[in-house]
Number of protein chains: 2
Amino acid sequence: MSVRYGLLALLDEAPSHGYNLKTAFERRTGGSWAINIGQVYTTIQRLERDGLVESLGSSAGDDERREYRITPAGRAQLATWFENPVVAEAPARDELTIKVLLAVAAGDVDVTALLQRQRRASIEQLQAYTRRKAKADPKRDVAFLILLDALIFRTEAEIRWLDACDARIRSLASAAAAPPTAGSKETDG
Amino acid sequence: MSVRYGLLALLDEAPSHGYNLKTAFERRTGGSWAINIGQVYTTIQRLERDGLVESLGSSAGDDERREYRITPAGRAQLATWFENPVVAEAPARDELTIKVLLAVAAGDVDVTALLQRQRRASIEQLQAYTRRKAKADPKRDVAFLILLDALIFRTEAEIRWLDACDARIRSLASAAAAPPTAGSKETDG
DNA sequence: ACAGCCATGTAACTTGTTACATGATTTT
DNA sequence: AAAATCATGTAACAAGTTACATGGCTGT
């Protein structure tokens, strides 16, 4: 819902038209979320369909550049969006998580190697983000820095998690190699 | 692509049918990713359309329970998926990030309050995960624990990021309140 | 004349997702 | 007999995304 609310938030500030929304949206995301212009128009259409924005047809006069304005319903929905926290309810809807989970269960996949490859890739990402952060101007590029912070924290968490996975798998392997100490029945299918 | 590859990975182990894939998929994700049965069938259809799985029609004989088998192409694609790390290329495609970014730029949104609300929600989430983790059996519920780890690390990162955002915004506010020390021109539109 | 930006829009497609219709088998 | 579980499938939609067609206006 990011693009949808993104455009809605921009239209909440001032009426605007497609092309302008595209550039404004990209500026807001620190220039790092390129958006296809076609998507802007389809998203506006959907917002209009849902009564959240409306076209300013007659008063402007221009045939090109049709401007859109947020409606009261749109403003209300935007306010609700800002007021309610984003719940990470969708637990494992994440590709990396499910991949590791499946790899662990698969048997014929080298999970340790997978984790190591991912770790290397994540570290590289992290370094790239850090380099970009060092170049940014703390006064001018606030949006970009906020975004980089998000990416950095998330990637760090990912690396920690990969290590935790590795540890879990190693401990599983050693537990399987060592003879069971007490009454530990294997009941897995 | 999680569901898609999830089903493909399950079919890589053994041929199976829709209903069974559903339960297996849910078991794999530690029982926390409920999947609508309809989605399983649509996803299988799409996999078949793409030549990654094929139906075992005649040999089984049964009219119900049509089994599917992975094809060589499917196996190849699955292997590629496992081999290549998940790149977090899509930078800000995240709802919370874009929300904060938009709120900061909006002007009429109380960003500090937004951050605090989100922080409270995230802390609650974190506690819920931790409680569930404490209850889990480290031997039996490995998948579930791996998943919980992911959620916990991610939520911790989110909280750290929220705090970093708060700090950035406060420092911006204080910089705006204090008179500029040197030649710092304001050129924002 | 031609390159390039400003500007709009449609068709088509992807994955994810739900609601609904349908029926067999098994358990209570 | 009724309820629950096993089982399949379709229609329809959401949101994101890209490729393509179209044209005006500006600078070289």
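Sequence lines set the chain letters: A, B, ... in the order given, protein chains first and strands last, and positions in each chain run from 1.
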Problem - Pair B:Glu26 + B:Lys22, salt bridge at N-O below 4.0 Å - result: yes
Practice task
Would you mind telling me which of D:dT8, D:dT18, C:dG16 lies closest to the side-chain atoms of B:Gln39?
Solution key: C:dG16
Problem - Proximity to the side chain of A:Tyr41 - top-ranked nucleotide from D:dT5, C:dG9, C:dG16 - result: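 That would be C:dG9.
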Describe the nucleic acid contact of [X] in one word from base, sugar-phosphate, nothing, applying a heavy-atom distance below 4.0 Å.
X	answer
B:Ile37	base
A:Gly38	base
A:Thr42	base

Practice task
Could you go through the salt bridge (Lys or Arg N to Asp or Glu O under 4.0 Å) check for A:Glu48 and A:Arg66 one step at a time?
Solution key: CA-CA 13 Å; A:Glu48 195 178 17; A:Arg66 50 175 53 265; over 6 Å; no
Handout entry: Phosphate OP1/OP2 of C:dT15: any B:Arg49 side-chain N/O under 4.0 Å
Key = yes
Problem - C:dT10 phosphate, OP1 or OP2, under 4.0 Å from A:Gln45 side-chain N/O - result: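 Affirmative; the distance criterion is met.
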Handout entry: Base of D:dG16 paired with side chain of A:Arg46 (donor-acceptor, under 3.5 Å)
Key = yes
In whole angstrom, give the distance that lies between atom [atom1] of [X] and atom [atom2] of [N].
X	N	atom1	atom2	result
A:Asn36	C:dA11	CG	P	16 Å
A:Leu8	D:dA15	CG	C1'	15 Å
A:Met1	C:dG16	CE	C1'	14 Å
B:Lys22	C:dT17	NZ	P	12 Å
B:Leu21	D:dG9	CG	P	12 Å
B:Tyr19	C:dT25	OH	P	15 Å
A:Leu47	C:dG9	CG	C1'	16 Å
A:Arg66	C:dG9	CZ	C1'	10 Å

Practice task
Indicate whether any N or O donor in one side chain lies under 3.5 Å from an N or O acceptor in the other, for B:Glu158 and B:Ser122.
Solution key: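 B:Ser122 and B:Glu158 do have a side-chain donor-acceptor pair below 3.5 Å.
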Exercise for the section: Starting from the C-alpha separation in whole Å, work towards a yes-or-no answer on salt bridge (Lys or Arg N to Asp or Glu O under 4.0 Å) for A:Asp50 and A:Arg4. Expected result: CA-CA 11 Å; A:Asp50 298 342; A:Arg4 196 180 156 88; 2.9 Å; yes
Problem - B:Leu145 side, atom CG; A:Cys165 side, atom SG - distance, nearest 0.5 Å - result: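 Spacing of CG (B:Leu145) from SG (A:Cys165) equals 10.5 Å.
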